[in-house]
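After the structure tokens below, expect a handful of questions from me.
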Amino acid sequence: MEKTSYAEVVVNNRSNQTNMTYTYGIPKDLSDRVSIGSRVMVPFGKGNKLVEGYVLSKDEGLSIQLSKIKYIQRVLDEESLLSEKMIDLCKWMREEYLCTYMDAIQCIIPTGISYKTEKKIRLCRDVSMEEWGQGGFTDRQWAVMKVLRKHPNVSEDALRQLLDFDPSSTLRSLEAKNIIFIEYQLKNNVSILTEKVIRLSAKEKIHEEISKLNQNAKKQKQLLEYLANHGEIAWSKLKESLDISPSTIESLTKKGLVHVETVEKRRVPYGDFPVEATGPHGLTEEQKKVVEQVIPHIMDAKYQPFLLHGVTGSGKTEVYMQIIDQVLKQSKEAIVLVPEISLTPQMIERFKGRFGNNIAVLHSKLSLGERLDEWNRIKNGEVKIAVGARSAVFAPFHNLGIIIVDEEHEHTYKSESSPKYHAVEVAEFRCRQHGAVLLLGSATPSLESYYKAEKGEYKKLVMQNRYNQNDLPSIQIVDMRTELQKGNKSVFSESLYREIKQNLENKEQTILFLNRRGYSTFISCRNCGYVAKCPHCEISLTYHKNVHYISCHYCHYRQQPPDICPKCGSKYIKYFGAGTEKIEKVTGKLFPTAKIIRLDLDTTSRKGSMERIMQEIKQGKADIIIGTQMIAKGLDFPNVTLVGVIAADMNLNLPEFRAAERTFQLITQVAGRAGRGRRMGRVVVQTYDPEHFAIQASQNHDFISFYEQEILMRKEFLYPPFSRLINITIAGTKESEVIKTADHFATALRQRMGSEKIPSEETVFGPSPAPLSKIKEKYRWQIVIKSKLIDQTALKGIINNIRNDITDRNYANDISISIDVNPFHML
DNA sequence: AGCACGCCGACT
DNA sequence: GTCGGCGTGCTC
């Protein structure tokens, strides 16, 4: 007999102070419904307010005083929401990223499923004017009662909005007088859709039954025949598709031939997009070799990571799909991560075409309900493949065979908000759990991954040839300094101009890449040096000519550009720096007959506009495509033969250890957009720093030589992969408070690391102002820890303690502390 | 995080 | 007394 009677429960509070498990008793009548991973409601706190919680484990004994124990009040779902493996993942994330249990759980369960409790207030007896006249009520109490008369059942939050004071203590006194009644109500955002369907009760002898029916029962016969062929029909479709009324069902039910069932219905987010079914392609020798190396490891169910270094256009997607075929044959499941789903529509289409209904696509544009349904399809085994961006790494499969991470080096795999997890790190953890294969693919692997491959931690796979047998595009580096000396002040060098012109004559498409949107990047007074900056951020404002305002790309503040300098009154205001909008303008002037399309955040923010623009490019409605980062990835247009990189060194001088890596990756990625069809591609790279090794290496498509130079730098300055970084950012509206807290944090950190004898390879830098020292009215200071330790548990423990100490004591009112483990960048 | 409790000053 | 405001500490 089962003996367990206590459960360790995590309570749904997004607070560091409740970041632990609480022991609850399991009432006898719930004992078979409470299992590990169950979602439950438990009484919590002094008021025994019901809150949502998650059962992490069950105990036989009791570890705390019996008097303290409370009991689980109810179980919320039929089945447990978190498998034991997922719970282990939560525990690992909590320690790895210094987040709360709930932060981690929220990554795993679909958003919107959580219950919130809302405090609702009702008047239980009204107070007459006379009673009021006799006194005994304060103005505030009266004000509250007045609101309650108008709104009989308001939440406390809504009440607060309607009043000009905080009603909490007033409510307390009114409750004591028995005038109001406070209760808690559960609220949640999405529900599982259900639908009634009609099914046959006795399938085997149905034809026999049909023949026994009365000759007049035409409708009954028709329905039974339909069901014999199709299995079921939805109640809602009865009328429209078969013209059968409920009474037919009723009489058939009475005869025991059919019954009505309620089943879960899935919302189908992409139902209206029929995709052409496609089969596997033949593989090149190189591709075949890669597939053959991976397959055996899917069968043996042992964790095995691979790094697939394949040049752009080498046919990685086809390799992924053929490996997944094998995974399915082993009745295992696959997750495919892509950097940003909206930027890789072509890849998604190919997956849908190949795997049809066996695939769930997770992306940010899904509604809460759609997301829940996709999640359930995965959890219930209705699909075997999940494709999506970062968060798809949490797809609730039970029997994972592989996780594929395409464009493994992309920064979008690192979460920007707590928990600041990296999808590749999570993928690695899950693959270890399942004994699955981890396949990281990239044309320009991250330094960290390639280093691991070199050390043998990852198995290296290589594809050096393009699928279409074309050579990689030729890359020409243009020194913009000599252009300037020649008197060319335009954004186009002579040779880029010539190449574009030639492309137009040949009726081939051109991509121009500039990683910066807007018209001018900053405006400045030539008299006094004033620069227009955002009043809320430490950022200069970008001029957008189409809409004629200057705006902040961090907080979206906007204003009219000044005609005269607000500082010195001079009228010598000048616009500097070029963005995509300006390139568009200049290009239009230089090539008046060319059809130009701009592809950046400003032109694609409306829903569906991205898809429309892509379609237009495909149909040849554009000669020149101008865009930011978003054109660097995944686009596959065979008629593009020329790529121009307007300013290759733009990111090179950022205060960031990944600057060179980012530059190399970007040039290589954009260059890869050229020459995907039959014709050879050409690339022109404009730069003021042509000698830089990142640019030199990209000219020869030489990742290895780039890697070898960059890795030396990393080693010398002790950057990843030779150390691990932790970035602690302290932010708040009062700079003095921010500095005070940051100082306090750093001092405590140094002290505790000293007294706990954490080796001296651990170095604490700062506090110092963050590179973006003010965003949205908040000053930001940071502390950076560079650590060579493999095991960081002790160090993280200290950081966590100090953080809790500071937030506990309210020492840091209005101050937020954000901890980023393995940050991608320091901004 | 939320919430109760307890203390203190102010007001009736 | 009782109300309202605020700091403190706890939640199985």
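Order of the sequence lines fixes the chain letters, A, B, ..., with proteins taken first and strands second; residue numbering starts at 1 for each chain.
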Between P of dC3(B) and CG of Leu50(A), the distance in whole Å: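 Rounded to whole Å, this separation is 13 Å.
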Protein-nucleotide distance (Asp103(A), atom CG; dA1(B), atom P), rounded to Å: 11 Å
Euclidean distance, atom CG of residue Asn48(A) to atom C1' of dC10(C) [Å, nearest integer]: 13 Å
Scan Phe44(A) against the nucleic acid and name what it touches under 4.0 Å (heavy atoms): base, sugar-phosphate only, or nothing. base
Heavy-atom donor-acceptor pair, Arg724(A) side chain to Ser787(A) backbone, under 3.5 Å: no
Quick one: closest heavy-atom pair of Tyr71(A) and Pro43(A), and the distance? O-CD, 3.2 Å
Under 4.0 Å between a side-chain N/O of Lys49(A) and OP1 or OP2 of dC3(B), yes or no?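 Yes, because at least one side-chain N or O of Lys49(A) sits under 4.0 Å from OP1 or OP2 of dC3(B).
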Starting from P on dC12(C), measure out to CD on Gln17(A) and report it in whole angstrom.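 My rounded result for the distance is 15 Å.
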Consider the side chain of Lys46(A), meaning its heavy atoms from C-beta on, and name the nucleotide among dG9(C), dC12(C), dA1(B) that approaches it most closely.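 Minimum distance to the Lys46(A) side chain belongs to dG9(C).
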Ile105(A) CD1 to dA1(B) C1': how many Å, rounded?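 Whole-Å distance recorded here is 16 Å.
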Length of the line joining Tyr24(A):OH and dT11(C):C1', which is rounded to integer Å: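 The distance from OH of Tyr24(A) to C1' of dT11(C) comes to 7 Å, rounded to the nearest Å.
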Would you please indicate yes or no on a ring centroid separation below 6.0 angstrom for Phe824(A) and Tyr413(A)? no
Report yes if at least one side-chain N or O of Tyr22(A) is closer than 4.0 Å to OP1 or OP2 of dT11(C); otherwise report no.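 No, outside the criterion.
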Send over the distance from Met20(A) CE to dC12(C) P, rounded to a whole Å. 10 Å
Nearest-Å distance, CG (Asn19(A)) to P (dC10(C))?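 Rounded to the whole Å, the gap is 18 Å.
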Between Arg780(A) (side chain) and Leu772(A) (backbone), is there a donor-acceptor pair under 3.5 Å? yes
